[in-house]
Amino acid sequence: MAAPGALLVMGVSGSGKSTVGALLASELGWKFYDADDYHPEENRRKMGKGIPLNDQDRIPWLCNLHDILLRDVTSGQHVVLACSALKKMYRDILTQGKDGVALKCEESGKEAKQAEMQLLVVHLSGSFEVISGRLLKREGHFMPPELLQSQFKTLEPPAAPENFIQISVDKNVSEIIATIMETLKMK
């Protein structure tokens with residue numbers, strides 16, 4: 001397999017996606033996107049009220065992220081995306097756009113040829129207890145800790161044939177970054 005054009009740092013809220021993603025992008029000299037920055041206002045309001053997002057809420061958001069990734073990767077820009085991407089279907093939308101699922105992504109539908117980007121999924125995993133403890137210490141985020149249980153219920157950890165590594169959030173951030181860098185050297 002060719003080296004990935006994009007890295008997806010995924011996991012439930014509070015797993016460290018944004019922190020790891022930003023540091024990793026800095027280390028690699030790649031562009032960084034935090035998927036949370038692209039949620040429409042309706043999604044933010046819903047989560048802020050403690051209401052879990054459903055597929056209808058997430059799919060347009062994921063399609064938009066796919067279009068951004070595809071644009072950058074196609075132009076030769078390497079990208080790190082921090083995104084929960086809890087279900088396999090969501091990761092398929094990120095890599096394949098509308099062709100990955102039976103739903104349409106606006107921009108992708110305009111493309112004559114659909115490129116599937118090479119993506120390495122970095123799954124930051126940990127127990128509910130560890131991650132809920134982190135969320136309780138976090139301030140100023142629109143995702144309330146009460147929604148964490150719904151994220152664990154929704155989570156479909158990556159599995160073959162997905163190109164992924166799983167890293168425990170019990171490691172410190174520098175260990176996590178070192179593990180990812182080592183994995184990239186082998187790709």
Side-chain angles (χ1 to χ4, degrees), residues 1-40 58-100 105-108 111 113-126 131 134 138 141-143 155 157-187:
M1 172 174 184
L7 282 172
L8 167 64
V9 180
M10 66 155 289
V12 296
S13 185
S15 60
K17 299 179 298 288
S18 300
T19 301
V20 169
L23 288 169
L24 190 60
S26 175
E27 178 95 12
L28 291 166
W30 292 10
K31 196 164 187 178
F32 174 69
Y33 291 103
D34 189 329
D36 284 348
D37 295 340
Y38 293 86
H39 268 297
R58 288 187 178 107
I59 287 169
W61 168 66
L62 292 164
C63 286
N64 181 39
L65 292 167
H66 163 77
D67 295 338
I68 292 167
L69 290 177
L70 186 62
R71 178 196 67 212
D72 282 6
V73 170
T74 303
S75 72
Q77 173 69 55
H78 286 73
V79 178
V80 175
L81 171 68
C83 179
S84 52
L86 297 173
K87 291 184 180 180
K88 182 177 185 320
M89 177 182 81
Y90 301 163
R91 296 185 296 274
D92 288 346
I93 292 171
L94 289 172
T95 57
Q96 303 163 23
K98 71 169 177 57
D99 292 343
C105 292
E106 304 278 323
E107 281 301 305
S108 306
E111 301 271 325
K113 70 173 183 56
Q114 191 61 43
E116 181 176 337
M117 66 195 97
Q118 295 298 332
L119 181 76
L120 173 63
V121 177
V122 176
H123 177 208
L124 300 177
S125 65
I131 292 174
R134 288 177 167 195
R138 189 159 78 175
H141 194 273
F142 61 83
M143 172 79 178
L155 179 63
E162 288 182 272
N163 181 29
F164 76 97
I165 59 171
Q166 183 168 306
I167 302 174
S168 171
V169 297
D170 294 334
K171 294 178 182 255
N172 68 43
V173 174
S174 57
E175 288 176 303
I176 292 171
I177 301 288
T179 302
I180 299 166
M181 296 298 284
E182 200 54 43
T183 302
L184 284 174
K185 286 179 191 161
M186 295 185 282
K187 295 285 175 195

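Val73 places none of its side-chain heavy atoms less than 4.5 Å from the side chain of Gln118. Here the side chains of Arg134 and Val169 are in contact, with some heavy-atom distance below 4.5 Å. Side-chain contact between Val79 and Tyr33: present, with at least one pair of heavy atoms (C-beta onward) separated by less than 4.5 Å.
Once rounded to the nearest 0.5 Å, the distance linking NE2 of His39 with CG of Asn64 reads 11.0 Å. Taken to the nearest 0.5 Å, the CD1 atom of Ile180 stands 12.0 Å off from the CD atom of Glu175. In this structure, the separation between CG on Leu24 and CH2 on Trp30 is 7.5 Å, given to the nearest 0.5 Å. One finds the NZ atom of Lys87 at 12.0 Å from the CG atom of Asp92 (value rounded to the nearest 0.5 Å). Annotation: the span from His123 atom NE2 to Glu162 atom CD amounts to 10.5 Å, rounded to 0.5 Å. Separation of atoms CG (Leu70) and CG (Leu94) is listed at 11.5 Å; rounding is to 0.5 Å.
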As a quick check of understanding, evaluate side-chain contact (heavy atoms from CB on, under 4.5 Å) for Arg91 and Val121, giving each step before the final call. CA-CA 9 Å; Arg91 296 185 296 274; Val121 177; 4.2 Å; yes
Please evaluate residues Leu184 and Leu7 with respect to the criterion side-chain contact (heavy atoms from CB on, under 4.5 Å), reporting the C-alpha separation (whole Å), side-chain torsions for both, the decisive distance (0.1 Å), and the verdict. CA-CA 10 Å; Leu184 284 174; Leu7 282 172; 3.9 Å; yes
Go through the steps for Cys83 and Leu62 under the test side-chain contact (heavy atoms from CB on, under 4.5 Å), then give the verdict. CA-CA 9 Å; Cys83 179; Leu62 292 164; 4.2 Å; yes
Evaluate the criterion side-chain contact (heavy atoms from CB on, under 4.5 Å) for residue pair Leu69 and Lys31; output intermediate values, then yes/no. CA-CA 10 Å; Leu69 290 177; Lys31 196 164 187 178; over 6 Å; no
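Shown here for Phe32 and Ala25, the closest heavy-atom pair between the two residues is CB-CB, 3.5 Å. Across all their heavy atoms, Asn172 and Ser174 have their closest contact at OD1-OG, 2.8 Å. Contact record, Leu8 with Ala85: CD2-CB, 3.8 Å, taken as the closest heavy-atom pair. Taking both residues in full, the closest heavy atoms of Ser18 and Asp34 are given as OG-OD2, 2.5 Å, listed atom of the first, atom of the second, then distance. In this structure, Ile176 and Ser168 approach most closely via the heavy-atom pair CD1-O, 4.0 Å. The two residues Ile165 and Leu120 come nearest to each other via the heavy atoms N-CD1, 4.4 Å.
Of the possible donor and acceptor atoms, none in the side chain of Thr74 sits under 3.5 Å from a partner among the backbone N and O of Arg71. For Thr183 (side chain) and Thr179 (main-chain N/O), a donor-acceptor pair under 3.5 Å exists by modelled atom type. Of the possible polar contacts, none joining the Thr19 side chain to the Gly16 backbone as a donor-acceptor pair under 3.5 Å is found. When atom types are taken as modelled, the side chain of Lys17 and the backbone of Gly11 share a donor-acceptor pair closer than 3.5 angstrom.
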